[in-house]
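By convention in this document, chain letters (A, B, ...) are assigned in the order of the sequence lines, proteins followed by strands, and residues within each chain are numbered from 1. None of these values were measured; they are calculated from a predicted model.
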Number of protein chains: 2
Amino acid sequence: MSDSLVPETRVLAVASHVAYGHVGNTMATFVMQSLGCEVAALNTVNFSNHTGYRQFKGTRATAQEISDLYQGLCQSNLTDFDVMLSGYAPSAAAVEAVGAIGIDLQQRAEKKPGSFFWVLDPVMGDQGRLYVNDDVVPAYKRIIHHADLILPNQFEAEVLSGIKITSLATLAEAITAIHRIYSVPHVIITSVQLFKLSASGSTPSPPENFLTVIGSTTKSDGSPRLFRVDVPALDCFFSGTGDMFAALTVARLREAVDAAGDDLRNTRSWVSPDDVPSSQLPLAQSTIKVLSSMHSVLERTMEARDAELAKDVPAQNGGVSVEEQQKRDHLRRTKAAEVRLVRNTRFLRDPLAQFEVQEWCKEDLPAQLQ
Amino acid sequence: MSDSLVPETRVLAVASHVAYGHVGNTMATFVMQSLGCEVAALNTVNFSNHTGYRQFKGTRATAQEISDLYQGLCQSNLTDFDVMLSGYAPSAAAVEAVGAIGIDLQQRAEKKPGSFFWVLDPVMGDQGRLYVNDDVVPAYKRIIHHADLILPNQFEAEVLSGIKITSLATLAEAITAIHRIYSVPHVIITSVQLFKLSASGSTPSPPENFLTVIGSTTKSDGSPRLFRVDVPALDCFFSGTGDMFAALTVARLREAVDAAGDDLRNTRSWVSPDDVPSSQLPLAQSTIKVLSSMHSVLERTMEARDAELAKDVPAQNGGVSVEEQQKRDHLRRTKAAEVRLVRNTRFLRDPLAQFEVQEWCKEDLPAQLQ
């Protein structure tokens, strides 16, 4: 009967919508639905395509419109969500409106610990650059302490922690700081290129062309419980992979917490007892499955992209300018790299590859964190 | 490898979006994606929930916003659609904007007959009542002759044909008229309650509590080729079933046409040669599978609804007015009847039930149509 589905889960997904391709909610909704989650998609923007094309049309929701849609759910008693996944919001006011939704759902669940869990992807920038207005950063800093799990990339982790990540030591410091500053019990930093960082302690650096995902769930004293998973990197940039990671994490974390039993499921923020080692955390176990699914789907995407780009380009009518030709090439390459999702759902449902999770033991940490 | 998927199909789906529940694009997108179609969802409204709750919040797209989103796709060469499925549009101007999209896609495919197919659901009303503005009707009448397949319900078929359907004879007349007036090659009238109509010729009326779906593909002389499928009706109203029918039809028709071979696939509007009997039409073969999937999903939905309604209602704080109590009951019943889609996708992919398609032969038709 189960069809490889995760336990029944109702998710409110607040992120962007694009007509063509798969990013934001257009990625996350289908990924979670494919694993059996009932998803309510509250869209923060409504664009023709993702911004990687360098041109798009459409509209952004105002903070008021986001609040109104949520009020629409409230007035009809449609707020029975187990999880909220919040991603891109187009302004500081919109981030605050999303924050107010998360806080309201949390308050409704107050009397039943563990019955509501908020996964927050603090979408602000990447590769050393903000792609939101400056005032979005303090807006996120104000709401993050309400979230249960946040999923910053390396740059966003730097912005939130105030620590420049240049080494394994500073990476651990950044996670420790995020736990402490925001009281957020679970953190995953997606896509760290560890080989670019200097090594620390006895932790071996992975070879080049590996991406490392670092996660942590706090212990009862607020200290981190760190794990890492190294995965082979694919030589291509795909839009929407952060949203795919977040969506798969919602489904797989819920599954892992369910497997851990009633005690954990009924614990506020699903924080495992102190004697659970980092590699056995539901967050770590879920991350292995998430990365396995992603690796398989992205491998197939790269094959399909290469096949598409190998096809002849239709002949142009007359000459076009160099600029116009470059633009057309960019559009063609961007389209070819759209994640091939709908025909690869078997890899979402049944992860194949076996990645290993490693504990980051005390002795691997820099002295001041031990 | 195929995972029970239909042949690769790129669909532009133009309809409404709701955050909670499954109607419009929120139904159609996931249904088509589950069968392996790549779907671009262009949303004509953005509501919190469907209107069956009798209250909702959100916004309607203007005709300009709909056109803009499509222009966004055009400017980035993202118009490689095999099929367009168009549903609810919130105004006459919006219907015209959607019409312009269908016509543009048709013109782009002009040199490759059969490479683009437009399925149009003329959403105007039901049960003898329009639920759109009066000016939406002429707007539909202007665009329908561009569509390849239309999916009116009984009331919409009456509006389009100008013929009141009171008997099998008038039903056949209405379909014949729709083929003739709009030159539309394929028609399916969804949900006719035949037992309420008077019988005609040798066609046996099905027993009560059966719904009948009637379809037709024209012959080369424009005359109808009629088939019917009777399915047991479920004693419950579910929102979004029309959208589910349309979405499944897109996928299954594409599959049936593909199975019929290159000749049909490369024929304008996928109209089968005259020697293909109505029961063997791709449209008829697809309808059997569509109704089978729907029946299984709706059966499970009804079970889940009954289980949900059997649960105790949380005690109210103090007395509420009779009106307020009725409103709460209505909201609860409406929510309980939301189609259970995401955990029943196996019935979409692998239809179980075997419904029979019957040809409506010449002798079954009233004399004037023979």
Side-chain angles (χ1 to χ4, degrees), chain A residues 1-3 5 8 10 12-14 17-22 26 29-30 32-43 46-49 53-59 61 65 67-80 328 331-332 334-335 338 340-346, chain B residues 1-3 5 8 10 12-14 17-22 26 29-30 32-43 46-49 53-59 61 65 67-80 328 331-332 334-335 338 340-346:
Chain A
M1 273 296 278
S2 87
D3 213 12
L5 304 180
E8 288 199 23
R10 290 180 179 273
L12 176 62
V14 187
H17 173 82
V18 293
Y20 199 99
H22 297 280
T26 317
T29 301
F30 180 68
M32 292 189 285
Q33 287 175 325
S34 291
L35 289 168
C37 302
E38 193 63 66
V39 183
L42 200 164
N43 298 330
N46 185 18
F47 287 168
S48 54
N49 50 269
Y53 286 89
R54 298 181 195 153
Q55 56 181 10
F56 60 91
K57 299 208 179 216
T59 52
E65 284 167 347
S67 303
D68 278 353
L69 285 169
Y70 182 66
Q71 284 310 315
L73 300 180
C74 292
Q75 73 177 357
S76 293
N77 306 325
L78 303 174
T79 54
D80 54 340
R328 288 184 191 178
L331 292 173
R332 185 163 176 260
T334 308
K335 179 173 183 291
E338 287 280 5
R340 302 306 195 278
L341 198 57
V342 292
R343 300 188 79 84
N344 289 310
T345 51
R346 64 193 181 284
Chain B
M1 271 298 277
S2 86
D3 212 14
L5 304 179
E8 290 198 22
R10 291 180 179 272
L12 177 62
V14 187
H17 172 80
V18 293
Y20 200 101
H22 298 280
T26 317
T29 301
F30 181 69
M32 292 189 285
Q33 288 175 325
S34 292
L35 289 168
C37 302
E38 193 64 65
V39 183
L42 201 164
N43 298 331
N46 185 20
F47 287 167
S48 55
N49 50 269
Y53 287 90
R54 297 182 196 151
Q55 56 181 9
F56 60 90
K57 299 210 177 215
T59 53
E65 284 168 346
S67 303
D68 277 353
L69 284 169
Y70 181 67
Q71 283 309 315
L73 299 180
C74 292
Q75 73 177 358
S76 293
N77 306 324
L78 303 175
T79 54
D80 54 341
R328 287 184 191 178
L331 292 173
R332 184 162 177 260
T334 308
K335 179 173 183 291
E338 287 281 4
R340 301 305 195 278
L341 197 58
V342 292
R343 300 188 78 85
N344 289 310
T345 51
R346 64 193 181 284

Trainee: Mind ranking B/N49, B/L331, B/L341, B/L78 by heavy-atom pairs under 4.5 Å with chain A and telling me who comes out on top?
Mentor: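 Top option by heavy-atom pairs under 4.5 Å: B/L78.
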Trainee: Please identify which of these residues, A/R332, A/R328, A/Q55, A/K335, meets the side-chain hydrogen bond (donor to acceptor under 3.5 Å, both in side chains) condition with B/S76.
Mentor: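 Result for side-chain hydrogen bond (donor to acceptor under 3.5 Å, both in side chains) with B/S76: A/Q55.
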Trainee: Looking only at heavy atoms, what is the nearest atom pair of B/F30 and A/Q33, with distance?
Mentor: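 Nearest pair, atom of B/F30 first, then A/Q33: CD1-OE1, 3.1 Å.
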Trainee: Less than 4.5 Å to any heavy atom of chain B: does that hold for the side chain of A/E338, its backbone, both, or neither?
Mentor: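 The answer is neither part of A/E338.
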Trainee: Using heavy-atom distances under 4.5 Å, tell me whether A/Y70 contacts chain B through its side chain, its backbone, both, or neither.
Mentor: neither
Trainee: At what distance, to the nearest 0.5 angstrom, does CG of A/D68 lie from OG1 of B/T59?
Mentor: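 Output value for this atom pair is 9.0 Å.
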Trainee: Of all the heavy-atom pairs spanning B/N43 and A/N46, show the shortest one and how long it is.
Mentor: O-ND2, 4.3 Å
Trainee: With a 4.5 angstrom heavy-atom cut-off, which part of A/R54 approaches chain B: side chain, backbone, both or neither?
Mentor: neither
Trainee: List the atom of B/K57, the atom of A/G72, and the distance in Å for their closest heavy-atom pair.
Mentor: CG-CA, 3.7 Å
Trainee: Among all residues two or more places apart in sequence or in another chain, which pass the side-chain contact (heavy atoms from CB on, under 4.5 Å) test with B/A40?
Mentor: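 Checked B/A40 against side-chain contact (heavy atoms from CB on, under 4.5 Å); matches are A/Y20, B/L12, B/F81.
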Trainee: Tell me whether A/H17 contacts the main-chain N or O of B/L42 through its side chain, where contact means a donor paired with an acceptor under 3.5 Å.
Mentor: no
Trainee: May I ask you to test the B/E38-A/H22 pair for a side-chain heavy-atom distance under 4.5 Å?
Mentor: yes
Trainee: Can you name the closest pair of heavy atoms from B/V342 and A/L5 and give their distance?
Mentor: O-CD1, 4.3 Å
Trainee: Can you tell me which of A/E8, A/M32, A/R340, A/Q71 forms the most heavy-atom pairs within a distance under 4.5 Å of chain B?
Mentor: A/E8
Trainee: How long is the span from the OH atom in B/Y53 to the CG atom in A/L73, to the nearest 0.5 Å?
Mentor: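 So the OH of B/Y53 and the CG of A/L73 are separated by 9.5 Å.
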